[in-house]
2 protein chains.
Amino acid sequence: MLVYGADGFKMARISTREQILQEADQLFYEGGFEGTSFADIAAAVGISRGNFYYHFKTKDEILDGVISRRMEATRAMLDAWAAENDSPAERIVSFIRILIDNRTKIMDFGCPVGTLSSELAKLDHAAQERAADIFGLFRDWLAGQFRALGQEERADELALHLLGRSQGVAVMATAFRDESFVRSEVDALEARVQALCLAPSNHQPEEN
Amino acid sequence: MLVYGADGFKMARISTREQILQEADQLFYEGGFEGTSFADIAAAVGISRGNFYYHFKTKDEILDGVISRRMEATRAMLDAWAAENDSPAERIVSFIRILIDNRTKIMDFGCPVGTLSSELAKLDHAAQERAADIFGLFRDWLAGQFRALGQEERADELALHLLGRSQGVAVMATAFRDESFVRSEVDALEARVQALCLAPSNHQPEEN
DNA sequence: GACATATTAGGGCATTTGTCCTAATCATGC
DNA sequence: GCATGATTAGGACAAATGCCCTAATATGTC
């Protein structure tokens, strides 16, 4: 699907395949995997359902592509956070802040990673593990930052803990549509990182 | 659907309607609301799809019934915890322990309350609020226990926080199928309750 | 301009979905 | 043992589902 600009010249454009993945990504997030049909995606892209089959033979193939896309986007985001911040504490805060930045969508649809993982688990879908691998990217990256903070022993534990905390915030934000809860939890998490920074003992007190 | 015992006498039996709700409850949990069809439920109960319509006109009606059932079951569970334990701290620990008791199912299907709430949010389903009301039962009950612990001011905040923490644990347990993470988080949460008990200051340190 | 390939539209397929109707069967009180 | 209402089975319905085929069109190369 090539698009021509006003001047009549061909414009560099994303491929139809990429457009499909883009729309599917969003639809899967906002409506769920099962809740999104071939027709929904085709309509969103603006192509016929037949054309669809040329690019993806099954719905699972689209899911696979969407997960790959999300992994790539996640890697890019983590790299950007690493580049933008000099200290590991600031980097971890960047992670925590996605709860604030995406609060509106989170209150409407939850966390894209967590909800997909949960849905695929229920469907007993083979791609559940790949979906969980996105969590793995965050986990490893966060563990690296905690290690840089001097938490050698507990780096992975802290990473898992923080991931879980943010998932809990997302679920509750969706259930109660409560923005203030998101903010207070984010504040608590940020304070915790700062405290870890100042007193990297083994048993770190936390403000609640 | 009446059932006869070995002696030929009619047995007091749960109604077909109740059987439908029972199976639907389980199927909705293990396969999701959208992932479960009329036919699935009818097959599980062992009745024809036609008979189904006599008891529930629409799928949403079944969902409504399932949510009501879950609310009733939740109330009963909370009452039991209150009756079984004398101290508010022990009652809160009873709540935390469901993560341990149901760890296998949680690793397979997540938390029944959280996953239903998230799915209905994505489907933009009218029953999402009612699903969240189940969270409300836990929230109010937990807040009551924290109040009894002397946390007048922060009772609701602590209740929401604990609810969120347990949701986070459930999501991560499902994603990574990691039982040890569940246990360590549960230990941390229990330690936190004990600490609150001993030193009910406004800013309570927490072990991590 | 001719050609091979890449891409697209349109429709069709069997199956499943939620919903609904009708006729048969059951239980129960008279 | 009969009448009445409650319950059930079985099937029908249109719409939607995931999947697939074919013919047409566009694209890039020689």
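Every chain is numbered from 1, with letters handed out A, B, ... down the list of sequences.
Distance CZ (Arg49(A)) to C1' (dT7(C)): 17 Å, rounded to an integer number of Å. Nucleotide dT7(C) holds its C1' atom 11 Å from the CD1 atom of Ile20(A), rounded to whole Å. As a whole-Å value, the separation of Glu18(B) CD from dT7(D) P is 14 Å. For Lys59(A) and dC20(D), the NZ to P distance is 15 Å, given to the nearest whole Å. Protein atom CG of Leu27(A) is 12 Å distant from nucleotide atom P of dG18(D), rounded to whole Å. As a whole-Å value, the separation of Lys57(B) NZ from dT17(C) C1' is 19 Å. Between the CD atom of Glu61(A) and the C1' atom of dC19(D) there is a distance of 12 Å, given to the nearest Å. Going from atom OH of Tyr53(A) over to atom C1' of dG18(D) covers 11 Å, rounded to whole Å.
Taking the charged nitrogens against the carboxylate oxygens, Arg69(A) and Glu72(A) have no contact shorter than 4.0 Å, which rules out a salt bridge. A salt bridge is absent between Arg147(A) and Asp156(A): the closest approach of a Lys/Arg side-chain nitrogen to an acidic carboxylate oxygen does not fall below 4.0 angstrom.
Taking only side-chain nitrogens and oxygens, Thr58(B) never comes nearer than 4.0 Å to OP1 or OP2 of dG18(C). For Asn51(B) and dA9(D), the shortest distance from a side-chain N or O to OP1 or OP2 is below 4.0 Å. Between Tyr54(A) and dT8(C), a side-chain N or O to OP1/OP2 separation shorter than 4.0 Å is absent. For dG10(C), the OP1/OP2 oxygens have no side-chain nitrogen or oxygen of Ser48(A) closer than 4.0 Å. Phosphate proximity of dT8(D) to His55(B): present, with a side-chain N or O under 4.0 Å from OP1 or OP2.
Remark: Lys57(A) qualifies as a cation-pi partner of Tyr53(A) under the 6.0 Å distance and 45° angle criteria applied to the six-membered ring.
Looking at Asn85(A), its side chain does come within 3.5 Å of a backbone N or O of Trp81(A) through a donor-acceptor pair. A distance-only check finds a donor-acceptor pair linking the side chain of Lys122(B) to the backbone of Tyr29(A) [under 3.5 Å].
Map Gly50(B) and Asp40(A) each onto its nearest nucleotide of DNA chain D; the residue landing nearer the 5' end is Gly50(B).
The side chain of Thr16(B) approaches dT8(D) more closely than any other nucleotide in the set dT19(C), dT17(D), dT8(D).
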